[in-house]
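Keep in mind it's a predicted model, so treat the numbers as computed, not measured. Position 1 is the first residue of the sequence; numbering continues from there. Both ligands and their constituent atoms are indexed starting at 1 by order of listing.
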Amino acid sequence: MSDATYDIAIVGAGIVGAACAHEFARRGLRVVVVDRDTVGSGATAAGMGHIVVMDDSEAQFALTRYSQHLWQELRRELPDDVEYDQCGTIWVASDEEEMTEVRRKHDHYRERGVATQALDAATLRNFEPNLRPGMAGGLLVPEDGVLYPPCAARFLLERAQQHGVQVRLGCSVAHLGQGRIALSDGLEIRAEFIVNAAGTGSPDLTSGLEIKKRKGHLVITDRYPGFLRHQLVELGYLKSAHSVSSDSVAFNAQPRRTGQVLIGSSRQYGAEHKEVDHAMLVWMLRRAQEYMPGLRAMSTVRSWTGFRAATPDKLPLIGPWSADKSLFLATGHEGLGITTSLGTARILVDQVTGAKPEIPIEPYLPSRVSREHAHV
Ligand SMILES: Cc1cc2nc3c(=O)[nH]c(=O)nc-3n(C[C@H](O)[C@H](O)[C@H](O)COP(=O)(O)OP(=O)(O)OC[C@H]3O[C@@H](n4cnc5c(N)ncnc54)[C@H](O)[C@@H]3O)c2cc1C
């Protein structure tokens with residue numbers, strides 16, 4: 001490493017920046033983390049905290065599964081306020097057509113070593129009695145879990161600080177590149193390598209990054225212990241996540257350790273304001289009530305929004321940025337950044353330090369977008 005003040009300067013103290021700081025620190029590097037706000041205050045504060053294996057593509061599967069294993073390894077060290085709970089996911093099939101998808105997913109996961117259980121209508125009803133009668137069945141993925149994202153980010157960063165990582169909060173970055181970070185107050189930080197982990201703020205700092213904001217709404221109820229036992233997601237969720245233009249909602253409900261029910265979720269492009277959109281909220285809650293009519297009688301205590309950082313090919317950008325030898329990216333995690341933060345950190349730090357990654361990294365390399373730019 002050079003005589004720069006730090007080996008690594010990370011912009012962004014969301015869960016991705018925090019996980020990277022934790023991983024760099026574990027490997028003995030001198031690190032500073034800079035954020036214009038507080039720890040975990042961006043998408044991380046808004047996220048649902050579902051730690052989920054997804055099979056949209058082989059690359060998505062590999063990163064989510066790898067990351068889930070890393071969360072499981074860390075599990076015993078997580079403090080209580082991270083609320084890690086391996087409650088499992090049930091993908092809910094409302095009709096026979098969706099049961100075909102249950103069977104496909106079951107085979108797909110089993111071939112890749114993920115335990116699953118296909119549920120018929122009666123078993124589903126037994127597992128989740130508050131679902132509407134008449135559901136066709138579902139798929140239980142017992143290793144999936146949930147956690148409370150801002151506390152998870154705080155835990156990772158505090159761990160990193162115990163290894164000497166410095167954290168500068170309330171410092172807005174105006175420019176970065178060529179081993180330098182210029183803060184809005186005129187101060188400069190020098191580092192051998194910079195990591196842009198600024199989530200939806202990352203394209204403002206690295207030109208040529210194609211990342212769009214994808215707004216989401218969530219609602220949390222009062223305490224109703226035992227109402228819900230697993231994270232429930234409608235199989236139509238995948239259609240919602242795939243939609244690249246129109247607004248969409250999908251039933252997604254999570255049991256919190258407090259007995260509260262966290263209800264999602266919506267997806268919108270082009271909605272830049274962070275206020276709750278009443279029509280969107282009503283649409284999302286109606287969808288949830290179609291699946292769980294008992295939600296209608298519940299009091300909600302808070303609703304909020306957040307912005308996912310979405311790339312065109314739905315995969316994050318993890319690795320070097322070819323236009324600047326000092327710059328690495330860890331951004332573009334859309335709706336999976338809580339899950340994939342630990343895997344992202346591992347493969348990013350492997351690249352910086354020259355270690356051999358445990359999963360193939362090619363699908364996440366930013367060179368795939370810089371190549372596209374060169375062709376255009
Ligand atoms: C409604 C919703 C539900 C979700 N549910 C889930 C889920 O169940 N499971 C899951 O895995 N993922 C989920 N996600 C996605 C997940 O929340 C994100 O992918 C993840 O939080 C991204 O983390 P990050 O650290 O990259 O970004 P962020 O948390 O946004 O952090 C970026 C940080 O960079 C800082 N920053 C930006 N620009 C600058 C600048 N110029 N100078 C200094 N600092 C800067 C910001 O202040 C911020 O703290 C959800 C997201 C939303 C919106």
Around atom 42 (N) of ligand 1, find the nearest protein heavy atom and jot down its residue, atom name and distance.
Val173 N, 2.9 Å
Using a strict cut-off of 4.0 Å, indicate which atoms of ligand 1 neighbour a heavy atom of Thr339.
10 (C), 11 (O)
Atom 31 (O) of ligand 1 - nearest protein heavy atom and its distance
Gly14 CA, 3.5 Å
With only distance considered, is Gly335 within less than 3.5 Å of ligand 1 through an N or O on each side?
yes
Salt bridge or not between Glu98 and Lys105? Use side-chain N to carboxylate O under 4.0 Å.
no
Using the six-membered ring wherever Trp is involved, compare the ring planes of Phe61 and His108 and label them parallel, tilted or perpendicular (cut-offs 30° and 60°).
perpendicular
Filtering Met54, Arg36, His217 for the heavy atom nearest atom 43 (C) of ligand 1 leaves Arg36
Could you check which of Ser41, Ser67, Ala43, Cys20 puts a non-hydrogen atom nearest to atom 17 (O) of ligand 1?
Ala43
Which residue and atom name correspond to the protein heavy atom nearest atom 4 (C) of ligand 1, and how close is it?
Met48 N, 3.4 Å
When you check the side-chain N and O atoms of Thr116 and His106, is any donor under 3.5 Å from an acceptor?
yes
Whether Thr200 lies under 4.0 Å from ligand 1, heavy atom
no
Closest non-hydrogen protein atom to atom 8 (O) of ligand 1, residue and atom name please, with distance?
His50 N, 2.9 Å
Pick one of side chain, backbone, both or neither for how Ala197 approaches ligand 1, counting any non-hydrogen atom pair under 4.0 Å.
backbone
On the ring face of Trp71, is Arg75 found with NZ or CZ under 6.0 Å from the centre and within 45° of the axis?
no
Structural part of Ala45 in contact with ligand 1, heavy atom criterion under 4.0 angstrom:
neither
More than 12 heavy atoms of other residues, nucleotides or ligands under 6.0 Å from NE2 of His175: yes or no?
no
From the options Arg267, Glu334, Arg308, select the one whose nearest heavy atom is closest to atom 15 (C) of ligand 1.
Glu334
Option whose closest heavy atom lies nearest to atom 33 (C) of ligand 1, chosen from Val16, Val11, Asp35, Val39
Asp35
With no hydrogens and no angle check, do the side chains of Thr206 and Asn196 hold a donor and an acceptor under 3.5 Å apart?
yes
Filtering Ser184, Ala309, Gly12, Gly337 for the heavy atom nearest atom 34 (O) of ligand 1 leaves Gly12
Quick check on contacts: which atoms of ligand 1 are under 4.0 angstrom from a heavy atom of Cys171?
43 (C)
Main chain of Val53, side chain of Thr64: is a donor-acceptor contact present, judged purely on distance under 3.5 Å?
no
Heavy-atom neighbours of Arg286 CZ exceed 12 at 6.0 Å:
no
At a 4.0 Å threshold, what atoms of ligand 1 neighbour a non-hydrogen atom of Thr44?
21 (O), 23 (O), 25 (O), 28 (P), 29 (O)
Using atom types as modelled and distance alone, determine if a side-chain donor or acceptor of Gln68 lies under 3.5 Å from a backbone N or O of Thr339.
no
Just to be sure I read this right, does ligand 1 sit under 4.0 Å from the backbone of Leu205, its side chain, both, or neither, counting only heavy atoms?
side chain
Which of the listed options, Gly264, Gly199, Gly47, Gly49, holds the heavy atom that is closest to atom 50 (C) of ligand 1?
Gly47
Do ligand 1 and Ile338 have nitrogen or oxygen atoms that lie under 3.5 Å from each other?
yes
Contact atoms of ligand 1, heavy-atom distance to Gly306 under 4.0 Å:
53 (C)
My understanding is that only residues two or more places apart in sequence, or in another chain, count here; which of them pass ring-ring contact (aromatic ring centres under 6.0 Å, His included) with Phe328?
Phe193
Let's go through Glu188 and Arg180 carefully: what are the C-alpha distance in whole Å and the side-chain angles of both, what is the deciding distance for salt bridge (charged side-chain N to carboxylate O under 4.0 Å, His left out) to 0.1 Å, and is it a yes or a no?
CA-CA 7 Å; Glu188 189 178 88; Arg180 290 166 197 271; 2.6 Å; yes
Sub-4.0 Å atoms of ligand 1 with respect to non-hydrogen atoms of Leu336:
10 (C), 11 (O), 12 (N), 15 (C)
When you check the side-chain N and O atoms of Thr123 and Asn126, is any donor under 3.5 Å from an acceptor?
no
Residue pairs meeting salt bridge (Lys or Arg N to Asp or Glu O under 4.0 Å), one or both in residues 155-178, sequence neighbours left out, come to Glu77-Arg159, Arg154-Glu158
